[in-house]
Amino acid sequence: MEIIKNIKTGNTVEAEFKVGPEDFEQALEKAYHKQKNNIAIPGFRKGKATRKMVEKQYGENVFYEEAVNVLYKKTISEVIDELNLDVVDMPDVEVVSVEKDEGVEFKATFTVKPEVSIKGYLGLEVEAQPEEITDDDIAGKLKEMQLRGARIIDVEDRAADMGDTVVFDFKGFCDGNAFAGGEAANFSLELGSGRFIPGFEEQIVGKSIGEDFEVNVTFPEDYQATELAGKESVFKCKINSMKSRELVEIDDEFAKDVSEYDTLEELKADIKTKLEEEAAKKADEHFENELSEKLIGLVEADVPSVMYENRIDDMVRDWEFKNKQHGMNVQTYLQYANSTMEQFREMFREMSEKQVKMRLALEKIAELEKVEIEEERIEAEYEKLSGFYKMSVEKVRELIEAEALSRDLKTERAMEIVKENAKRIKGEQQ
């Protein structure tokens, strides 16, 4: 194989290369043996006629198409390797000429990864300090625990109050007429939950079991039932029963009941520790997310659109795999959502662009920082993946080439370098 021309323009490489007559002859012979059992020649059983007989019967170029395909598959990877191309899409290939005595000349157009520039990636500043845990935060957690452990009791000797759960009948009227969906019997509602129209639950407070009363409200302007939006309405109501939470006192006995601790102070200390751990985890996540956004903003590159489209392809396949267990594929989803494939793919576009740019950023940083991955690290990663996928190391090797694994590990190390050199600064509470 001989490369005749090699021209790079932006993210496009145009290469012309030639395969000599000897290689072409070998490809013709392979094509003959592949197709001979399907060729009929008068006087011969299929597969028994010689190549010369077949070429005489059907023409010298009868095997050219198959031979050219054989040569293309064999040589295209050689061209990529020789030119050291980092291709991101299948090349467009054109056969320039085919001559038995001259060989085959190809013209291929490759889309390659862009040249990337990134500066200022060390010493980035990110507002990502953990929130300070206050006494109010601890009190809030104790209140949640108190509510979860509350005993539900029937209420018969008093009027309804916020926090009570009322079981009641109601029927709604608008302009004097009952409206669809505005009636229910024995409906259970916790007062203060905000499930009903603003102002509704507050008007139940003070009402007693068996009492008939009216609730006057105005539907919000953006109410989902447009025929009711913004209109005044009257609900005729009657409470059938009520329940309330009986809360236990938050003291040492409470601590013993809800935890492994003997005193309230010990329980508070444990709550504080857990809240601080949650705050630190949240800050770490925010730190990494903001760091990623800053890195993406530093990338200077003319990214080929096909890289974004390829990433969207991956994300669509991931979506389908995750939803397969629920019997949902993309086409079924599109029918339910009354959507198109183009609209579905557009859902992933912003994320795909960020992920592609982030990968380019980390690859460039790994190059600039001269990151190298030792063989032992690659072997350890194969062992880790073997356990994760529950398959042998040998099988994982078949699925993931060492070079690809090394590239992934280099980007991981690049991110570690960025994080190690980044500065966490105190900002507004998240």
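Numbering of residues begins at 1 and proceeds along the displayed sequence.
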Non-hydrogen side-chain atoms of [X] and [Y] separated by less than 4.5 Å:
X	Y	answer
E293	K354	yes
L267	D252	no
Y261	D270	yes

Working to the nearest 0.5 angstrom, can you tell me the gap between [X] [atom1] and [Y] [atom2]?
X	Y	atom1	atom2	value
K141	E144	NZ	CD	4.5 Å
E346	M341	CD	CE	12.0 Å
R317	I312	CZ	CD1	11.5 Å
D161	S244	CG	OG	8.0 Å
E156	I209	CD	CD1	5.5 Å

Walk me through it: do D284 and K281 pass the test salt bridge (Lys or Arg N to Asp or Glu O under 4.0 Å)?
CA-CA 5 Å; D284 286 344; K281 183 179 179 181; over 6 Å; no
Sub-3.5 Å donor-acceptor pair from the side chain of [X] to the main-chain atoms of [Y], do we have one?
X	Y	answer
S292	E288	yes
D251	E253	yes
H33	L28	no

Residues in salt bridge (charged side-chain N to carboxylate O under 4.0 Å, His left out) with K238, at least two apart?
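None.
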Donor-acceptor side-chain pairing of Y121 and E369 below 3.5 angstrom:
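On atom types as modelled, these side chains qualify, holding a pair under 3.5 Å.
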Would you please indicate if the ring centroids of F63 and Y58 are separated by under 6.0 Å?
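No, they do not, as the ring centres are separated by 6.0 Å or more.
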Angle class for the [X]/[Y] ring planes (parallel below 30°, perpendicular above 60°, tilted otherwise)?
X	Y	answer
F344	F348	perpendicular
F200	F235	perpendicular
F168	F187	perpendicular

Side-chain donor/acceptor pairs under 3.5 Å, residues 110-119, sequence neighbours excluded:
unit_1, atom_1, unit_2, atom_2, d
K113, NZ, E363, OE1, 3.0
K113, NZ, E363, OE2, 3.0

State which residue, out of K294, K423, K419, E290, fulfils the side-chain contact (heavy atoms from CB on, under 4.5 Å) condition with L124.
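Among the candidates, only K294 passes.
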List the steps, then state whether salt bridge (Lys or Arg N to Asp or Glu O under 4.0 Å) holds for R413 with E420.
CA-CA 10 Å; R413 178 57 191 146; E420 289 165 1; 3.1 Å; yes
Could you name each residue pair satisfying salt bridge (Lys or Arg N to Asp or Glu O under 4.0 Å) that touches residues 218-232, not counting sequence neighbours?
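Checked against salt bridge (Lys or Arg N to Asp or Glu O under 4.0 Å) - neighbours excluded - the pairs reaching residues 218-232 are D175-K231.
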Cation-pi geometry met for R424 and F287 (6.0 Å, 45°)
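R424 over F287 ring: yes.
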With side-chain hydrogen bond (donor to acceptor under 3.5 Å, both in side chains) as the test, would you mind laying out the steps for E266 and T263 before giving the verdict?
CA-CA 5 Å; E266 289 176 311; T263 68; 3.2 Å; yes
